[in-house]
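Each remark here refers to the structure printed beneath this line.
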Amino acid sequence: MITQISSISEIRAHVARLRENGKRKIGFVPTMGALHQGHLSLVEASNKECDATLVSVFVNPMQFAPDEDFKKYPRELDKDSALLTQLRVDAIFCPTDEEMYPVGYQSTVDVTEITKLWEGAQRPTHFRGVTTVVLKLLLAVQPDFAYFGRKDFQQLRVIEQMVADLNVPTTIRPCPIVREADGLAMSSRNRYLSPEQRIQGVSLSRSLNATKELSNQGERDCQKLRTTMHKILEDAKVGIDYATIVDRRTLTELTTLDRPAVAIIAARVGSTRLIDNCELDAN
Ligand code: PAF
């Protein structure tokens with residue numbers, strides 16, 4: 001079994017020993033566990049580039065609103081650890097809530113602008129929780145590279161912004177979305193879907209594919225692209241939170257596809273909220 005470390009001082013000491021033993025590039029994959037192929041692809045990306053890879057498993061209470069699924073979020077450290085054993089992972093950092101947020105804890109990290117949009121508008125306290133925990137994890141592990149999936153596109157942008165703004169000495173590596181055979185983007189929350197809901201959920205990737213195809217054919221009018229996106233989602237009877245085209249850097253909504261963009265969707269299938277996206281090119 002892979003070494004499991006739950007204290008911040010021990011993970012720091014462990015990484016320092018790795019460096020003393022000649023591991024020059026340390027890679028880090030932060031997760032909330034319930035690992036799937038998407039997470040494993042991040043580990044593989046780290047293994048390719050780094051001399052040692054560490055994975056954190058921590059279901060971060062700060063990024064869940066009181067009415068969200070913190071309590072029911074899957075926790076399966078033994079299964080996660082067994083999965084990671086098949087890959088070359090040096091250690092799992094699995095702190096307790098008390099280790100990360102001891103009694104009296106009172107500091108947070110806020111990226112103020114791009115967090116107001118989309119996921120941030122729907123979940124006003126979410127990104128504060130994400131940036132706070134990610135900075136704490138980066139300070140604990142002090143990796144050279146940290147790997148994040150593009151599926152949570154806004155999360156990735158927010159983390160890139162934080163790392164740039166605060167001069168965090170870790171390079172963020174965005175990694176491709178991993179999909180199920182039917183196109184559904186992999187997510188630990190997919191397990192909440194019934195077979196019927198699962199079919200509805202596939203409409204997100206179908207909507208994105210159709211949008212990409214239209215844009216590849218030369219369509220530059222984002223209103224027309226949006227209409228296509230919405231039609232497919234409405235036909236599948238999912239509850240649309242948003243489905244639109246945004247600037248890839250600022251995340252502001254576009255009227256014309258005249259710069260690097262991303263089509264983003266958040267939709268509800270029953271009580272499960274799914275998100276997905278696909279990058280669109282202007283040329
Ligand atoms: O994407 C996730 O799983 C989480 O938001 C992260 C980055 C591990 C922070 O808790």
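First listed ligand is number 1; within each ligand, the first listed atom is number 1.
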Exercise. Compute the centroid of each ring, for F28 and then for F93, and state whether the two points are separated by less than 6.0 Å.
Key: no

Quiz item: Of the protein's non-hydrogen atoms, which lies at the shortest distance from atom 3 (O) of ligand 1, and what is that distance?
Solution: M32 CG, 3.7 Å

Practice problem: Provide, to 0.1 Å, the distance between atom 5 (O) of ligand 1 and the closest protein heavy atom, together with that atom's residue and name. | Solution: Q155 OE1, 2.7 Å

Self-check item: Flag for N60-Y73: side-chain donor and acceptor within less than 3.5 Å
Solution: no

Quiz item: Which bit of T31 gets closer than 4.0 Å to ligand 1, counting heavy atoms only: side chain, backbone, both or neither?
Solution: backbone

Practice problem: Check each atom of ligand 1 against the heavy atoms of V133 and keep those under 4.0 Å away; list them by number with element. | Solution: 9 (C), 10 (O)

Quiz item: In terms of atom number and element, which parts of ligand 1 are under 4.0 angstrom from non-hydrogen atoms of Q63?
Solution: 4 (C), 5 (O), 9 (C), 10 (O)

Quiz item: Judged by atom type as modelled, is there a donor-acceptor pair below 3.5 Å linking the side chain of S205 to the main-chain atoms of V202?
Solution: yes

Practice problem: May I ask you to decide if S187's main-chain N or O and K151's side chain share a donor-acceptor pair within less than 3.5 Å? | Solution: no

Quiz item: What distance do R19 atom CZ and I26 atom CD1 have between them, rounded to the nearest 0.5 Å?
Solution: 4.5 Å

